[in-house]
Amino acid sequence: MAKQRSAETRQQQEKASMYLGLDLGTSGVKAMLIDGDQTIIGSGNGTLDVSRPHSGWSEQEPAHWIRACEEAIDGLKAKFPRELAAVKGIGLSGQMHGATLLDAEDKVLRPCILWNDTRSFKEAAALDADPRFRAITGNIVFPGFTAPKLAWVKNNEPEIFAKVAKVLLPKDYLRLWLTGEHMSEMSDSAGTSWLDTGARKWSSELLAATDLTEDQMPALVEGTEEAGRLRGELKSKWGIAGDVVVAGGAGDNAASACGMGTVAEGNAFVSLGTSGVLFAANASYLPKPESAVHAFCHALPKTWHQMGVILSATDALNWHSKVSGKPAADLVAELGEGLKAPTGVTFLPYLSGERTPHNDAVIRGAFLGLEHESSRAVLTQAVLEGVTFAIRDNLEALKSAGTSISRVTAIGGGSRSRYWLSSIATSLGVPVDIPADGDFGAAFGAARLGLIAATGADPVAVCSAPKTEAVIEPDAGLHDAYEAAYQRYRAAYPAIRGLLN
């Protein structure tokens, strides 16, 4: 009887415990609290800006991440002080690839060079020409990845490169602030071009190719494992008693996959955020770098994933909104309810270059087929279709890498548009599932990882899929029109590529 009461008491305590997910995005930090039953208690937000001092550059000050994180947690504390005090585990998610450079005293040497910064395209091409990088990492060396950024710093800011003692990814700089530890995990580190992705460890050979060593890298754990404990100063500030485990966490896409339950073979999601992602979970390591598909470690042990990435998804619609002087939601509303056949106007969403399938930092966006009758609504429709067709490019690349997708779940801000989801379903030729009300994105996935690390719970059981609210089926009547428009879209890239230097 005593053992039964002890087990019941432990279960009650676990349910009363809270878990915090921190997602460091490009435009802000989101903090989410969940309880032991994975019920969302509340969330807080802190805002961030991006600095673009030159064409193709994209930077942020790491100190701003801490400020935004404090804003987000202060927002939670104001509404849920007792719940925040009961936190036992923290999970981290973050924008990938950013180069955060620290000296021997952990001082930041320069602004972080972000994922969508393309200044290092020449360095990336030089590293990619070394066959060891694709062979060991399973990926093309993209300009947005971390290794070419360090090569650029060495070539252009040698005095800074000489002082680099540690290279951290953005979320792992937050970890340093939270715990005092230099640590990372597999999913985020797979996007550096320094990880042996199949073996799930740093490659000393690739680090040496960029004049770095393992001593300058953080220690590695799985995303579900402990990677530090919350510092006493912050526990006191936030009113938390007892030890708080900080999980390894995940890169933003792998964290979103944990939030969506996209962790088993065959599961997939499409994300319409600032960038666009088509993500498929894999039970084994399936690299095919020539397709420009990313083959990365997943946040769960012994799992991997493939994804195609486009650099401008909602970012393309936001650009159109800014230029036209009308809110994005109003622009989409002008299209009405039912999906329309493509008009003949084609939009290429390459506003800051493109990753999958082109790996092209120089290519830029374009409208093609404009005429006097091309209204604002026609341009809006073309922008949505351009992003849709870029995601279709990702699907074709995933197919070539051996992945089959029978349906996808939609996440991200753009997924609020049923029109856009209908466009994607029709072009991809698969149903699009809309999750039931709730926030199942990266912050939720990070909180789940915090729960797993703190309690030792089964990762697959915790990372279950949400209920489906609705399903958007492909519009069979528009299949031929969409296919013709997609072929025009595919033909446009090589046609305009030669016009750009």
Side-chain angles (χ1 to χ4, degrees), residues 13-14 16-25 28-36 40-48 60-95 98 100 102 105-108 112 166 168-185 188 218-219 221 223-250 255 442-455:
Q13 289 174 340
E14 288 179 356
S17 297
M18 299 288 156
Y19 305 93
L20 179 63
L22 297 174
D23 176 38
L24 169 57
V29 172
K30 184 169 188 173
M32 178 179 288
L33 265 179
I34 66 172
D35 66 14
I40 297 174
I41 304 301
S43 62
N45 294 278
T47 60
L48 290 169
Q60 283 178 330
E61 292 286 352
H64 295 175
W65 301 336
I66 293 176
R67 186 260 307 153
C69 190
E70 289 184 310
E71 282 179 10
I73 295 175
D74 287 346
L76 274 177
K77 185 179 179 183
K79 296 179 180 178
F80 308 102
R82 286 190 299 177
E83 290 84 354
L84 184 64
V87 165
K88 300 300 180 188
I90 297 175
L92 301 177
S93 163
Q95 48 170 302
T100 313
L102 308 180
E105 297 179 347
D106 286 339
K107 292 181 180 178
V108 175
C112 177
K166 276 288 187 290
L168 296 183
L169 295 161
K171 79 171 193 319
D172 298 321
Y173 183 76
L174 278 187
R175 185 195 319 280
L176 177 63
W177 169 64
L178 291 167
T179 70
E181 302 284 353
H182 302 100
M183 299 189 77
S184 190
E185 47 69 47
D188 213 356
V221 298
T224 55
E225 294 177 338
E226 179 180 329
R229 300 279 176 116
L230 186 63
R231 293 190 295 115
E233 175 189 347
L234 295 177
K235 288 196 295 182
S236 298
K237 182 176 182 179
W238 297 330
I240 301 173
D243 279 349
V244 179
V245 171
V246 178
F444 183 64
R448 281 180 155 180
L449 293 171
L451 185 159
I452 294 166
T455 66

Got a sec, which pairs hit salt bridge (Lys or Arg N to Asp or Glu O under 4.0 Å) with one end in residues 81-90, sequence neighbours left out?
none

Any side-chain heavy-atom pair from Trp238 and Leu76 closer than 4.5 angstrom?
no

Measuring from atom CG of Asp106 to atom NZ of Lys166, what distance do you get when rounded to the nearest 0.5 angstrom?
8.0 Å

Please find the pair of heavy atoms, one from Ala68 and one from Val29, that lie closest to each other, and give the distance.
CB-CG2, 3.7 Å

Does some side-chain heavy atom of Trp65 sit less than 4.5 Å from a side-chain heavy atom of Thr100?
yes

Which pairs with one or both residues in residues 172-181 pass salt bridge (Lys or Arg N to Asp or Glu O under 4.0 Å), sequence neighbours excluded?
Asp172-Arg175

Heavy-atom side-chain contact between Val244 and Leu20 under 4.5 Å:
no

Any non-hydrogen side-chain atom of Thr47 less than 4.5 Å from a side-chain atom of Glu71?
yes

Minimum heavy-atom distance Tyr173-Pro62, with the two atoms named
CE2-CB, 3.5 Å

Of all heavy-atom pairs linking Thr179 and Leu230, the shortest is CG2-N, 4.4 Å

Would you name the heavy atoms of Cys112 and Pro170 that are closest together and state the gap between them?
SG-CG, 4.3 Å

Heavy-atom distance under 4.5 Å between the side chains of Glu185 and Lys171, does that happen here?
yes

Spell out, as yes or no, whether a donor-acceptor pair under 3.5 Å connects the side chain of Glu226 to the backbone of Arg229.
no

Distance from Ile240 atom CD1 to Lys77 atom NZ, nearest 0.5 Å?
9.0 Å

Looking at SG of Cys69 and CG of Asn45, how far apart are the two atoms once the value is rounded to the nearest 0.5 Å?
11.5 Å

Spacing of CG belonging to Leu24 relative to CG belonging to Leu92, to within rounding of 0.5 Å
9.0 Å

Scanning both residues in full, the closest heavy-atom pair of Ala227 with Val221 reads CB-CG2, 3.9 Å

Does the side chain of Leu174 reach to within under 4.5 Å of the side chain of Ile66, using non-hydrogen atoms?
yes

For residues 443-454, which side-chain N or O atoms pair as donor and acceptor with protein atoms under 3.5 Å away, sequence neighbours left out?
from   : atom 1 : to     : atom 2 : distance (Å)
Arg448 : NE     : Gln38  : OE1    : 2.5
Arg448 : NE     : Val462 : O      : 3.2
Arg448 : NH1    : Cys258 : O      : 2.7
Arg448 : NH1    : Gly259 : O      : 3.3
Arg448 : NH1    : Ser464 : O      : 2.9
Arg448 : NH2    : Gln38  : OE1    : 3.2
Arg448 : NH2    : Val462 : O      : 3.3
Arg448 : NH2    : Ser464 : O      : 3.1

Kindly compute the distance separating CD1 (Ile73) from NZ (Lys237), expressed to the nearest 0.5 Å.
8.5 Å

Give me the atom names and distance for the closest heavy-atom approach of Ser184 to Asp188.
OG-CB, 4.5 Å

For the CE atom of Met32 and the CG atom of Leu22, what is their distance to the nearest 0.5 Å?
11.0 Å

